[in-house]
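A short worksheet on the structure shown next.
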Amino acid sequence: MISLEPISIVLPVYGRPELLPEALNSVLQQESSQWQLLIADDGSDQQTQALLQQWINSHDNGRIDWVRRPRNLGLFANLNRVLQDIDNKWALLLCSDDYLHPTAITTVQDCRRRWPEAGLILSTFDSINSDGSSRPPDSALHHDQVSRSTALISPQRLVPKLLELGSLNGNLTGMAFSRSLWQASGAFREDWRHAADWEWLLRAAEQGPVVLNRIPMASVRTHEAQLSNSNRRSGHELVEVAEVVRRLRSHPLLAEEPRRHQWAAHVMQHQLWNLIKQIPRHGTGPLIEGLRSIRTSSGLRRTTMSLLKSAPTRLRK
């Protein structure tokens, strides 16, 4: 068996001390010892820093590093700084409100051995609620439409799926990639708060084949305090999603795909619905402003028709 160097598990942290221990302990519970943990503390409060200090004092085994930012940079700027400095060739991302399964490192290393030409591994994950209970596996439903078993996916297949199905992973946790791919694709967009991972995934997929791993190796938590909810309320989600959709709809690998306009409208009808739901609280201002992004990304008419087609499903929910 080919011996591979350890993987840097990158854990970006900004508060959430109540969830952190589960994420941290999941690293210690790895059945493989081929890991190093890099905690990227993005200007957390004293309570979170005290928790981290206590945990490191109790568990430091020479494979744990703690980088402390003097001020908050934001998730993607924080990640970029860490990825510039890691010593290992590969990184595995773990968000502080999620946790890894004991087989995570073993699974990544197995995929690397089987497909050495791939610089990125996307993995199906288990979905959980805020209390840790199970919820429908969102990533599995999307990944089934790409491949029902672990496989190497070409750019010609993956890039269209990024428009048809959206970000595919929808979360940073469990995303593993080589530092050389990150450098070739370019850093995450630091001026974005929501869809920078989706936008980067598009650039990474253009570089070469990607492994889609169908063995869940993490549990990803959905809760009210997660970043995506605040991005939706602030409007960052709409603008960023619209830009990725616009780029995908005009991408050369979708030039011969007649369904690209339909897919774009389907993605953006969710954004249109979010705008409509805000009217009782915020008036029509956000709707009028948001329509500009929808118009340039997917077209108002197509998006409105897509929203109307989805109305029966929404009403049933």
Taking the side chain as everything from C-beta on, heavy atoms only, tell me whether [X] gets closer than 4.5 Å to [Y].
X: Ser96; Y: Leu11; answer: yes
X: Leu52; Y: Leu20; answer: yes
X: Glu243; Y: Trp192; answer: yes
X: Leu94; Y: Ser26; answer: yes
X: Pro155; Y: Glu206; answer: no
X: Glu190; Y: Arg81; answer: yes
X: Gln29; Y: Asn25; answer: yes

Quick one: which of Leu152, Asp110, Val210 gives a side chain to side chain contact (heavy atoms under 4.5 Å, CB included) with Trp115? Leu152

Ignoring hydrogens, what is the shortest heavy-atom contact between Val159 and Leu254? Give both atom names and the distance. CG1-CD1, 3.8 Å

Leu201 and Trp263: same hydrophobic cluster, using ILVMFWY side-chain contacts below 4.5 Å? yes

Decide whether Leu163 and Val146 are clustered together by the hydrophobic rule: side chain heavy atoms of Ile, Leu, Val, Met, Phe, Trp, Tyr closer than 4.5 Å, transitively. yes

Polar contact flag, side-chain donor to acceptor under 3.5 angstrom, Thr106-Ser32: no

State, without any angle test, whether Asn129 and Arg221 hold a side-chain donor-acceptor pair at a distance under 3.5 Å. no

Start with the C-alpha distance between Asn169 and His143, add both sets of side-chain angles, then the distance that settles side chain to side chain contact (heavy atoms under 4.5 Å, CB included), and finish with yes or no. CA-CA 8 Å; Asn169 251 40; His143 293 173; 3.6 Å; yes

So which residues get pulled into Met305's cluster when ILVMFWY side chains under 4.5 Å apart are joined, directly or through others? Leu308

Determine the interplanar angle of the His59 and Trp55 rings, folded into 0 to 90°, and report it as parallel if under 30°, tilted if 30 to 60°, perpendicular if over 60°. tilted

On the 0 to 90° scale, with breaks at 30° and 60°, tag the Phe177-Trp200 ring pair as parallel, tilted or perpendicular. tilted

Return the set of residues passing side-chain hydrogen bond (donor to acceptor under 3.5 Å, both in side chains) with Gln145 (not counting sequence neighbours), or none when no residue passes. none

